[in-house]
Amino acid sequence: MRTSWADSVANSQSESGTTGSSNNNGSSHLPRSRYVPPHLRNRPPSSDPPAPSYSAPPPPGDRVGYGGPSAGPRWAGPSRPDYGRPGYSGGRTGSWNSRSGSWDRGREREVNPFGDDDGDAEDAFSGQENSGINFDAYEDIPVETSGDNVPPPVNTFAEIDLGEALNQNIRRCKYVKPTPVQRHAIPISLGGRDLMACAQTGSGKTAAFCFPIISGIMREQYVQRPRGARTVYPLALILSPTRELSCQIHEEARKFSYQTGVKVVVAYGGAPINQQLRELERGVDILVATPGRLVDLLERARVSLQMIRYLALDEADRMLDMGFEPQIRKIVEQMDMPPRGVRQTMLFSATFPKEIQRMASDFLANYIFLAVGRVGSSTDLIVQRVEFVLESDKRSHLMDLLHAQRENGIHGKQSLTLVFVETKKGADSLENWLCINGFPATTIHGDRTQQEREYALRSFKSGNTPILVATDVAARGLDIPHVAHVVNFDLPNDIDDYVHRIGRTGRAGKTGLATAFFNENNMSLARPLADLMQEANQEVPVWLTRYASRAYSGGGRNRRSGAGRFGGRDFRRDGSFNRGTDFYGGANSGGYGVPGGGYGPGVTSAWD
DNA sequence: AAAAAAT
């Protein structure tokens with residue numbers, strides 16, 4: 001039987017009579033037997049796994065491991081050299097480090113990230129959060145792996161020795177069983193292997209790279225980090241292309257690391273740097289950042305990458321599209337980060353153009369390639385409609401849609417609708433027009449201040465302004481739960497972008513609707529769109545088929561080399577890219593053309 | 001061409 005360190009803390013706290021009461025709302029003590037932990041409140045009585053044995057959880061604000069009495073041995077595991085990889089030997093017991101002692105100054109109460117104590121309107125949807133996941137949709141997802149000695153996937157979280165503290169947070173998140181990307185990626189990462197993967201954000205990708213990092217840091221033998229003047233030394237770095245995405249990863253990572261003692265800090269541009277510096281100074285294990293701000297911090301020598309054990313690059317192709325390659329190379333190769341093979345690296349990308357392949361071969365060592373199909377292959381979950389709408393009719397047409405939606409909605413409440421437009425100016429003007437016409441809308445684009453962007457996102461998520469007009473800043477990666485409808489008011493020029501946009505709905509196994517306004521300005525998209533819809537078993541209007549057959553072949557398609565079909569490819573198999581001894585051809589033959597997994601030639605990026 | 005990202 002496993003006795004984890006966290007268990008012993010929980011036991012010792014229950015023995016010492018700690019009452020598990022009090023959220024930050026100052027509610028008075030509840031009798032212990034009646035105590036319902038915040039994350040178990042407001043739930044439907046059935047369908048949940050048996051509640052964890054919870055006689056008296058530690059008070060939410062009190063960091064486990066911060067000098068608690070009889071907290072058990074801080075480290076009982078085998079010792080490793082400083083730069084040792086967190087090898088996975090399975091069945092280890094009692095080796096969980098609390099990270100205590102690292103951030104002595106941070107004795108303030110850790111804010112409960114699961115808060116039913118934040119009291120704002122985001123609660124409109126709480127209680128449904130994650131509980132409506134259609135797990136059947138996850139069953140038949142095609143998954144492909146290749147590489148040396150791929151660790152076998154797991155079927156339950158219980159099979160993975162992540163530690164009790166993390167397990168408790170998994171329960172608090174109401175994750176019942178791992179999603180496909182988690183089933184495969186977590187054992188790979190825990191096995192200390194580098195990973196190149198593609199999968200949707202909504203399918204649990206963030207957890208897939210956060211769990212191994214958090215658990216690895218907790219296992220880490222306590223190593224004194226250098227104490228530079230004002231320099232901090234994170235152990236893990238997560239890079240993502242947009243500020244919102246970084247925030248989102250940070251929020252999730254905070255939930256996963258609650259009461260583990262692992263500190264997560266986010267740094268991104270557009271926000272005052274001083275506050276971020278203060279956060280950093282209070283201690284950081286995992287740093288989530290956008291490239292620009294991180295480079296700034298590195299140049300100021302406020303952050304050192306010397307102690308980095310884990311590096312995760314999210315939406316790598318997106319970062320390259322946005323011209324971040326120089327910054328990323330600077331961060332990974334030209335600062336003080338340990339080289340590949342010493343640190344552990346995870347690279348997530350939707351497509352595999354040459355630049356990504358080069359990046360993979362430069363940043364990863366003997367990695368495992370993992371491709372996870374789209375949840376429900378997008379087919380079952382997103383209903384795609386395309387309508388011919390003249391430029392001049394778009395606004396009134398949108399209005400019709402919104403009216404119909406409002407009437408069909410429950411209690412006349414507008415369900416969340418995300419409207420994509422091409423330009424920042426167009427976004428502002430459409431938002432204004434919607435508001436004038438009685439539809440509360442807000443907008444998100446790169447000309448708005450970060451504060452405005454964050455406010456807009458919050459206001460949208462909470463349902464206060466159930467219509468969000470967005471440019472492509474919101475197209476990829478953002479996981480906004482409960483988006484019922486995505487409207488492509490202006491279609492993008494690239495079918496990949498279309499796929500990403502409609503992927504903002506139908507997430508986490510829920511169904512969604514995507515409507516596109518098509519007109520003569522979108523001719524180049526006719527064929528790829530018709531092909532895509534057909535392959536997704538959607539109804540293709542006859543007029544679109546006609547345009548498609550007329551359209552000059554190849555127009556508007558993504559012709560990036562290296563991209564193609566299900567999950568892209570592990571290019572190491574091509575033989576064309578072999579370089580040095582890290583590469584090997586043709587392990588694990590077969591696997592392409594997994595049934596139901598593809599969008600056909602030239603159409604990629606079903607992944608986030 | 002537009003969008004994004006450090007000040």
Side-chain angles (χ1 to χ4, degrees), chain A residues 237-250 265-277 279-280 287-303 305 313-332 334-335 349-351 355 391 418-431 443-454 456-457 468-478 488-501 504 520-525 555-556 558-559 605 608:
Chain A
L237 175 63
I238 299 170
L239 284 176
S240 89
T242 65
R243 299 162 181 174
E244 280 76 13
L245 197 49
S246 284
C247 287
Q248 183 182 297
I249 295 168
H250 174 240
V265 176
V266 66
Y268 53 87
I273 198 167
N274 283 334
Q275 201 182 327
Q276 292 173 6
L277 287 173
E279 278 301 315
L280 286 168
L287 177 59
V288 185
T290 49
R293 177 54 59 92
L294 178 60
V295 168
D296 190 8
L297 291 167
L298 291 169
E299 283 170 351
R300 294 175 189 225
R302 299 300 295 261
V303 171
L305 303 176
L313 298 143
D314 203 8
E315 309 271 345
D317 55 344
R318 183 71 170 162
M319 291 201 275
L320 294 196
D321 283 349
M322 290 166 64
F324 284 158
E325 181 158 10
Q327 282 113 308
I328 291 173
R329 290 204 174 263
K330 176 166 187 172
I331 291 164
V332 178
Q334 290 152 36
M335 304 303 290
S349 185
T351 57
E355 302 77 47
E391 219 46 57
L418 183 52
V419 182
F420 281 105
V421 296
E422 207 52 30
T423 65
K424 298 182 269 197
K425 219 176 119 200
D428 282 335
S429 118
L430 183 59
E431 177 221 8
T443 181
I444 185 166
H445 61 69
D447 272 357
R448 305 200 81 197
T449 67
Q450 193 53 30
Q451 214 177 7
E452 287 170 327
R453 282 162 57 160
E454 279 163 29
L457 205 51
L468 179 65
V469 184
T471 60
D472 263 333
V473 67
R476 297 196 187 202
L478 277 196
N488 273 289
F489 190 89
D490 299 319
L491 272 165
N493 294 316
D494 189 320
I495 192 69
D496 276 357
D497 292 331
Y498 172 82
V499 174
H500 278 292
R501 287 178 177 188
R504 296 314 99 200
E520 62 279 358
N521 296 327
N522 311 113
M523 285 310 167
S524 66
L525 205 64
N558 166 28
R559 274 159 290 169
S605 299
D608 284 356

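Lettering follows sequence order; numbering is per chain, from 1.
- Within 4.0 Å (heavy atoms only), Arg300(A) reaches no atom of the nucleic acid at all.
- If you check every strand for non-hydrogen atoms under 4.0 Å, Gly323(A) touches nothing.
- Judged purely by atom type and a 3.5 angstrom limit, Arg243(A) uses its side chain to pair as donor or acceptor with the backbone of Gly269(A).
- Heavy-atom minimum distance, Ala267(A) versus Arg293(A): C-CG, 3.9 Å.
- Under a 3.5 Å cut-off, the side chain of Ser240(A) and the backbone N or O of Ser246(A) do form a donor-acceptor pair.
- Separation of atoms CZ (Arg300(A)) and CG (Leu298(A)) is listed at 11.5 Å; rounding is to 0.5 Å.
- Running 5' to 3' along DNA chain B, contacts with non-hydrogen atoms of chain A at under 4.0 Å begin and end at dA1(B) to dT7(B).
- If you check every strand for non-hydrogen atoms under 4.0 Å, Glu299(A) touches a base.
- Remark: Gln275(A) pairs with Arg278(A) by the side chain to side chain contact (heavy atoms under 4.5 Å, CB included) rule, at least two apart or across chains.
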